[in-house]
Every structure is written in structure tokens, then in C-alpha cells.
Amino acid sequence: MIVSVIKGMGENLEDILTQRRKKIDSFKALGIPPFPNGFKVGIDCRQANDSFGTKSGEELKELGDDFTMAGRIMAIRSFGKTIFTHIQDRTGKIQIYIRKDVIGETGFNNFKEFDIGDFVGVRGGLFRTKTEELTVMVKEITMLSKSIRPLPEKWHGLVDVEARYRQRYLDLIVNPRSKEIFYKRFRIIQLIREFLGAKDFLEVETPMMHPIPGGAAARPFKTFHNALGMDLYLRIAPELYLKRLVVGGMERVFEINRSFRNEGVSTQHNPEFTMLEFYQAYATYLDLMNFTEEMFTAIAKEVLGTLCFDYQGEKIDFTPPWQRMTLKEAVMNYGEVEKGVLDNKESALNYAGKLGLTFKADESLGKIQFKIFEDLVEQHLVQPTFITDYPVEVSPLARKKDDNPELTERFELFIGGKEIANAFSEINNPLDQKERFAAQLQEKEAGDEEAHEMDEDYIQALEYGMPPTAGEGVGIDRLVMLLTNSSSIREVILFPHLKTNK
RNA sequence: GGGCCGUUAGCUCAAUUGGCAGAGCAACUGACUCUUAAUCAGUAGGUCGAAGGUUCGACUCCUUCACGGCCCA
């Protein structure tokens with residue numbers, strides 16, 4: 001017996017670890033390998049339940065007793081000469097029934113030394129218990145991987161938020177909802193790929209390390225390439241590279257991958273986050289609004305089975321068409337601002353001051369309008385809403401409107417009070433783009449650390465000619481938050497950024 | 001960066017006014033052949049986030065720090 005080895009131990013964590021390590025030696029001494037390889041799994045829990053969950057006891061009996069399954073022991077209920085346990089695999093759980101008179105005294109006694117958390121393989125037949133639960137009657141049970149650390153509590157799971165993020169593997173083992181979120185995340189991204197693929201978009205990978213950080217207004221992370229002796233920046237957006245590809249004739253491209261922004265961490269922001277960016281030649285920002293409605297509704301139908309869902313206590317309805325309003329209209333609606341106030345710098349500044357917003361002396365009207373919008377309106381845009389006509393000063397990569405060069409052919413999509421997407425008709429006039437970069441450079445010199453850099457190489461690409469094109473960026477993490485009813489971005493990122501040390 | 005809150009056994013949580021730190025699960029011993037948060041009897045398990053301070057006495061009050069949460073910038 002193994003038991004004798006471990007009698008009299010204390011019971012703090014170190015003692016538990018010690019006694020579990022000793023079990024490994026005891027198993028070895030008994031000829032039971034604690035970490036064997038090569039166990040072949042016949043069916044998983046989902047297959048068992050889907051294929052046999054409705055069969056009668058008689059029908060199950062005819063299927064024989066040669067099913068093999070494997071998983072992690074999640075519970076043990078022991079009764080002297082019989083033991084019930086549940087094992088869990090990636091697809092779910094199934095109950096295992098072990099009887100001394102079926103597997104024999106040696107096997108039974110050995111199993112008594114197995115612990116919650118161990119991986120086991122079982123061979124046996126399926127049957128129904130008194131309570132009709134589909135269960136494996138074990139003929140043979142094999143240790144597949146011995147655990148030595150105890151799992152979190154079975155009923156409450158792992159609650160401590162910090163521990164859930166730092167030890168995400170434990171969260172995934174004991175909190176089914178967490179695992180579901182990441183399965184849904186995968187499904188959402190998969191659907192986006194299918195959707196874009198079906199519309200003849202090409203998926204590409206562009207550099208993560210940029211000599212000039214561009215494509216967004218954000219501070220970058222800086223790094224250094226030793227061999228080349230040069231500074232590099234983790235990308236803040238893939239935008240300028242994707243548009244170079246459009247110049248190269250890839251008229252429909254997309255990329256789903258990480259961008260990095262050296263900014264604060266919050267429930268809405270992780271330093272590295274996942275964006276979808278896609279570009280379509282011969283489309284305009286108006287086309288992309290319809291496109292976005294179509295894509296998002298397709299995803300919601302597939303993932304949620306409905307277009308109406310709950311997000312943090314709010315009912316959100318994806319049924320198109322979605323509301324569209326200009327930035328100025330939005331401010332007037334939500335801020336009860338009289339017509340004309342936003343059109344004049346003095347009155348706009350005055351109004352912004354009442355909201356508690358402050359600006360540097362020579363701030364542009366467009367930026368003031370944009371800040372007022374951010375402060376006043378964003379949080380109210382719960383139902384999907386396209387906000388259009390962004391000021392040219394805050395949109396250095398967006399095409400100017402033909403009938404009003406102060407505004408751009410741009411929209412942002414808001415859902416649940418969050419910015420989910422940003423899109424515009426692209427600037428394909430290299431002279432215009434160069435002027436915009438120059439204006440950004442002035443902003444930068446005036447102290448705006450988020451102003452866009454001059455990118456001569458990108459201008460050169462435009463000089464070869466880019467077809468009229470529209471492009472869009474979608475925050476995948478935020479989209480997943482919406483569709484999984486998660487209040488924090490950390491719930492949808494497997495390993496969110498946390499400070500080290502503890 | 002600021003405000004508020006939190007940090008107690010492996011996990012989930014208690015601890016009255018500043019007066020011997022407690023429970024459930026997990027673990028260990030024993031009983032038990034259909035349980036499912038199994039049950040029953042027993043045992044053991046603590047640097048109360050860290051460092052200072054006040055006090056006869058600090059999980060509790062004060063200060064600083066670390067990490068986390070929520071809100072704000």
C-alpha cells in the first residue's frame with residue numbers, strides 16, 4: 001500500500017506537494033508509470049454525449065465495453081468498494097464509475113491513490129446510472145499524468161481576478177465560462193476570415209517592427225536591432241503596409257493580428273491588442289458601412305444565434321440598418337448644443353470649457369470638436385451607430401470630402417459606448433498625403449506625442465498610384481467583449497498585461 | 001497620474017469596541033457498492049500582502065510600499 005508512506009504528514013501546501021511527489025515514487029515502485037505516453041483516446045466527452053446520450057441502458061450494453069477516453073479528474077466520490085469520479089477533457093465532462101469487483105483489488109487500491117487533478121485514461125463500457133447519467137463502467141484505468149499541486153476549490157472555482165489572469169491555466173480548468181469565451185473568440189475570428197475570404201480578400205502578414213511607427217495616433221514601444229544598429233518600433237497599426245499592398249495590386253487585403261500601443265492599461269485597453277484591418281479598392285467609406293453591417297450581423301447570427309443580445313445590462317440590437325449621424329449632429333443631439341456653436345472656434349472653445357476640457361492656445365477647431373465628441377457622446381452610443389464626417393485635423397490618412405475639405409470621408413462605429421471600428425476612404429493623392437503628414441509634423445513639434453510621423457517611403461508608394469480605396473480597422477478584443485458580455489478586455493485576452501512581482 | 005476599495009489556510013470566505021485567527025471545500029485517518037457541492041466520524045493545516053509606527057496588547061488604528069479591482073484623467 002502506498003498510504004503508509006504518507007501517514008503523519010502535516011497539511012500545509014509544502015507538505016501536500018511533498019506527499020504528492022512521494023506518490024510518484026510509490027507508483028514507480030509498483031510498476032505504474034506516473035507519466036506514460038501513447039494512450040490512445042477513442043472518443044471525447046462531447047462525442048460520447050452526442051452519440052450515446054439518448055440511448056437506453058439496453059442499447060448501451062450492446063455497444064460493448066471497449067470505449068477509451070481520457071481527461072483530468074475533477075471530482076472523486078468514494079464509497080468503500082465503489083468510486084464515482086468525473087473526468088474533464090476539452091469538450092466537457094463525463095462520469096466514471098469504478099467498482100472493486102470489476103477492476104480487481106489491485107487496480108482499485110491503486111486508484112485510491114489517484115488525486116483530483118490527475119490525468120487518467122479509461123477503458124470500459126457506457127451505461128446509465130439510477131439518475132440516468134451517461135457513465136463509463138471502468139474495466140481499466142491508467143494514470144496518464146500525475147499532478148502534484150491541488151486545484152482551486154471545486155464549487156466556487158478560482159475567483160481572485162489577479163490569480164485568474166496570472167494563472168490563466170487554472171481559470172481555464174475550473175471556470176467553464178472562461179474557456180467558453182476563448183472558444184467564442186476563435187469562432188468570431190474564424191467567421192471573419194470566412195466572410196472576407198468569401199469576398200475574395202487576401203489574408204496577409206505585414207511587419208510588426210516598423211522603422212517609422214504609423215497608421216494611428218498613438219505612442220509606440222521602441223526597440224533596437226543590434227545587428228543593423230537601428231531603432232525599431234512595434235507597430236501601432238498595419239495600415240500603411242496594407243495600403244502599400246493595394247498599390248501593388250492586391251486590391252482586397254486583410255490582416256488580423258496584434259498592434260502595440262504604449263499607453264495606459266484599463267478595462268478597455270491592453271498594450272497589445274488584436275485588430276482586423278481590411279482594404280478594398282474601388283470602395284468608399286459608404287460601402288464599408290454596409291459591409292460592416294453585413295459582416296457583424298453574420299457573426300452575431302452564427303455566434304449568438306440572434307441579432308439582439310444583452311451587454312452589461314443593455315439590450316443591443318444588431319438589426320440593420322444601423323443609425324448614421326455626423327459627428328456634429330451627434331454632439332448637438334447629446335450635448336444640446338445650438339446650431340453654429342461648433343462651427344466657430346471661439347464658441348466651441350467656450351463650450352468645451354464648460355465641459356472641463358482644456359486646450360493649448362492654438363488648438364485647431366477640428367480637434368476641439370473631436371474632443372467634445374469623445375467627452376460627451378461616445379458613452380451614449382449603445383446601439384450600433386456610425387458617426388461620420390470627422391474633421392480633417394484628426395484624420396491624417398482619410399480622404400477629404402469633395403464638397404467640404406474641412407471634413408473627411410470617415411466613420412467610426414460605436415457599440416455599447418465603445419469604439420469598435422474606424423474606417424475611411426483612403427487618401428490616394430500623394431500630394432495631399434504629404435501635406436497631411438507635414439501638418440502632423442507641426443503638431444508633433446508643438447508637443448503632440450501622438451501626432452503622425454512623416455513617412456517618405458509611403459508617400460513614394462502612393463506616387464506610383466493607388467486605386468481609390470476604402471479601409472477599416474476593427475477592434476477584435478472589443479468585438480469579442482460585446483459578443484461574450486465581458487466588461488473588461490482582460491476577460492477576452494488569455495494573458496492580459498499585468499505588472500510582475502508578487 | 002488621482003480617488004475609492006481589496007489582499008487572512010492550496011481555494012472560497014468569516015473574525016463584534018484593539019483582547020487566545022474561524023468555517024466550507026481540498027488534504028490526511030477511518031466507515032460506506034448508484035453518488036454527483038455524496039454522507040458520517042476524526043486529524044492536521046496560518047509570516048493575517050510587505051516594512052515601519054502607536055499601544056500593556058494590532059488581522060483590526062496610523063504611515064510608507066507592492067500587487068490587484070472599480071471609477072476618473
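All chains are named by letter (A, B, ...) in the order of the sequence lines, taking the proteins before the strands, and each is independently numbered beginning at 1. What you see below is based on every heavy atom in this structure, not just the backbone, and it leaves out hydrogens, waters and symmetry mates. Bear in mind that the values here come from a model prediction, so they are computed numbers and not experimental data.
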Study note, to complete from the structure: Glu14(A) atom CD is separated from A44(B) atom C1', nearest whole Å, by 16 Å
**Study point:** Distance, rounded to the nearest Å, where Ile76(A) contributes CD1 and C25(B) contributes P
**Key:** 15 Å
Practice item. Show your reasoning for whether ring pair (Phe, Tyr, Trp, His ring centres under 6.0 Å) applies to Phe119(A) and Phe39(A). Key: CA-CA 11 Å; Phe119(A) 283 90; Phe39(A) 184 86; over 10 Å; no
Point to revise | P atoms of G68(B) and U63(B), separation to the nearest Å | key: 22 Å
Review point. Do Gln95(A) side-chain atoms and Phe84(A) backbone N/O form a donor-acceptor pair below 3.5 Å?
Key: no
**Study point:** Atom-to-atom span, CD of Glu162(A) to P of U7(B) - whole angstrom
**Key:** 13 Å
Check your understanding: Using a cut-off of 4.0 Å on non-hydrogen atoms, how would the nucleic acid contact of Thr135(A) be classed: base, sugar-phosphate, or nothing?
Key -> nothing
**Study point:** Residue-phosphate contact under 4.0 Å: Lys130(A) side-chain N/O, U33(B) OP1/OP2
**Key:** no
Point to revise | Nearest-angstrom distance, C1' atom, C62(B) to A9(B) | key: 28 Å
Review point. What interatomic distance, in whole Å, is found between P of A44(B) and the corresponding atom of A51(B)?
Key: 28 Å
Review point. Do any pairs count as a ring-ring contact (aromatic ring centres under 6.0 Å, His included) and have a residue in residues 121-175 of chain A, sequence neighbours left out, and if so which ones?
Key: Tyr97(A)-Phe127(A)
Practice item. Pick the C1' atom in G2(B) and in C59(B), then give their distance to the nearest Å. Key: 28 Å
Review point. Between Phe67(A) and Phe52(A), does the ring centre distance come in under 6.0 Å?
Key: yes
**Study point:** Given U33(B), G69(B), A37(B), the nucleotide with the shortest approach to the side chain of Val161(A)
**Key:** G69(B)
**Study point:** Distance (rounded to the nearest 0.5 Å) between Ile493(A) CD1 and Asn270(A) CG
**Key:** 4.0 Å
**Study point:** Between G1(B) (P) and Glu449(A) (CD): distance, integer Å
**Key:** 14 Å
Point to revise | Spacing between Leu13(A) atom CG and A26(B) atom P, to the nearest angstrom | key: 17 Å
Review point. Hey, does Gly264(A) reach any base, or is it just sugar-phosphate, or nothing, if we go heavy atoms under 4.0 Å?
Key: nothing
Exercise for review: Grab the NZ-P distance between Lys499(A) and G69(B) for me, whole Å please.
Suggested key: 11 Å
Review point. Using centres under 5.5 Å plus planes under 30 degrees as the test, is Phe79(A) stacked with C32(B)?
Key: no
Check your understanding: Can you check whether Arg166(A) has a side-chain N or O nearer than 4.0 Å to OP1 or OP2 of G68(B)?
Key -> yes
Check your understanding: Looking at U35(B), does its base get a donor-acceptor pair with the side chain of Gln95(A) below 3.5 Å?
Key -> yes
Check your understanding: So what does Leu498(A) touch, heavy atoms closer than 4.0 Å: a base, only the sugar-phosphate, or nothing?
Key -> sugar-phosphate
Exercise for review: Give one of base, sugar-phosphate or nothing for Arg490(A), where a contact means two heavy atoms less than 4.0 Å apart.
Suggested key: sugar-phosphate
Point to revise | Any pair counted as side-chain hydrogen bond (donor to acceptor under 3.5 Å, both in side chains), so long as it reaches residues 139-149 of chain A, sequence neighbours left out | key: Arg20(A)-Ser147(A), Asp65(A)-Lys139(A), Asp115(A)-Lys146(A), Asp118(A)-Lys146(A), Asp118(A)-Ser147(A), Arg123(A)-Glu140(A)
Practice item. Both distances under 3.5 Å, Watson-Crick or G-U wobble: on that basis, could you give the dot-bracket string for RNA chain B, with [ ] for crossing pairs and | for other-strand partners? Key: (((((((..((((.....[..)))).(((((.......))))).....(((((..]....)))))))))))).
Practice item. State whether Glu329(A) and Arg324(A) are salt-bridged, where the test is any N-O pair (Lys NZ or Arg NE/NH1/NH2 against Asp/Glu carboxylate O) under 4.0 Å. Key: no
Review point. In whole angstrom, what separates Asn270(A)'s CG from G68(B)'s P?
Key: 12 Å
Review point. Salt bridge or not for Lys22(A) and Asp25(A), using N-O below 4.0 Å?
Key: no
Review point. Between Phe318(A) and Phe309(A), is the ring centre distance below 6.0 Å?
Key: yes
Review point. For C67(B), does either OP1 or OP2 sit under 4.0 Å from a side-chain N or O belonging to Thr500(A)?
Key: no
Point to revise | Atom C1', compared across U29(B) and C11(B): separation rounded to whole Å | key: 22 Å
Check your understanding: Taking for each residue the nucleotide of RNA chain B bearing the nearest heavy atom, is the 5' side occupied by Pro152(A) or by Ile116(A)?
Key -> Pro152(A)
Point to revise | Of the listed nucleotides U12(B), A27(B), U33(B), the one nearest the side chain of Gln19(A) | key: A27(B)
Review point. Which of the following nucleotides, A73(B), U35(B), U33(B), is nearest to the side chain of Asp101(A)?
Key: U33(B)
Revision key, fill the gap. Of Phe84(A) and Leu158(A), the one whose closest nucleotide on RNA chain B sits nearer the 5' end is Leu158(A)
Point to revise | Salt bridge Lys328(A)-Asp343(A), side-chain N to carboxylate O under 4.0 Å | key: yes
Check your understanding: Counting side-chain heavy atoms from CB outward, which of C34(B), C70(B), C28(B) is closest to Ser488(A)?
Key -> C70(B)
Exercise for review: When you get a sec, tell me which of G24(B), C28(B), U33(B) is the closest nucleotide to the side chain of Glu153(A)?
Suggested key: G24(B)
Check your understanding: Rounded to whole angstrom units, what separation is found between the CZ atom of Arg77(A) and the P atom of A37(B)?
Key -> 7 Å
Exercise for review: Quote, to the nearest angstrom, the C1' distance that separates U12(B) from A27(B).
Suggested key: 16 Å
Point to revise | Rounded P spacing from G18(B) to A58(B) in Å | key: 14 Å
Practice item. Identify whether any heavy atom of Phe127(A) sits under 4.0 Å from a base atom; if not, whether one sits that close to sugar-phosphate; answer base, sugar-phosphate or nothing. Key: base
Exercise for review: Pick the C1' atom in A21(B) and in U8(B), then give their distance to the nearest Å.
Suggested key: 8 Å
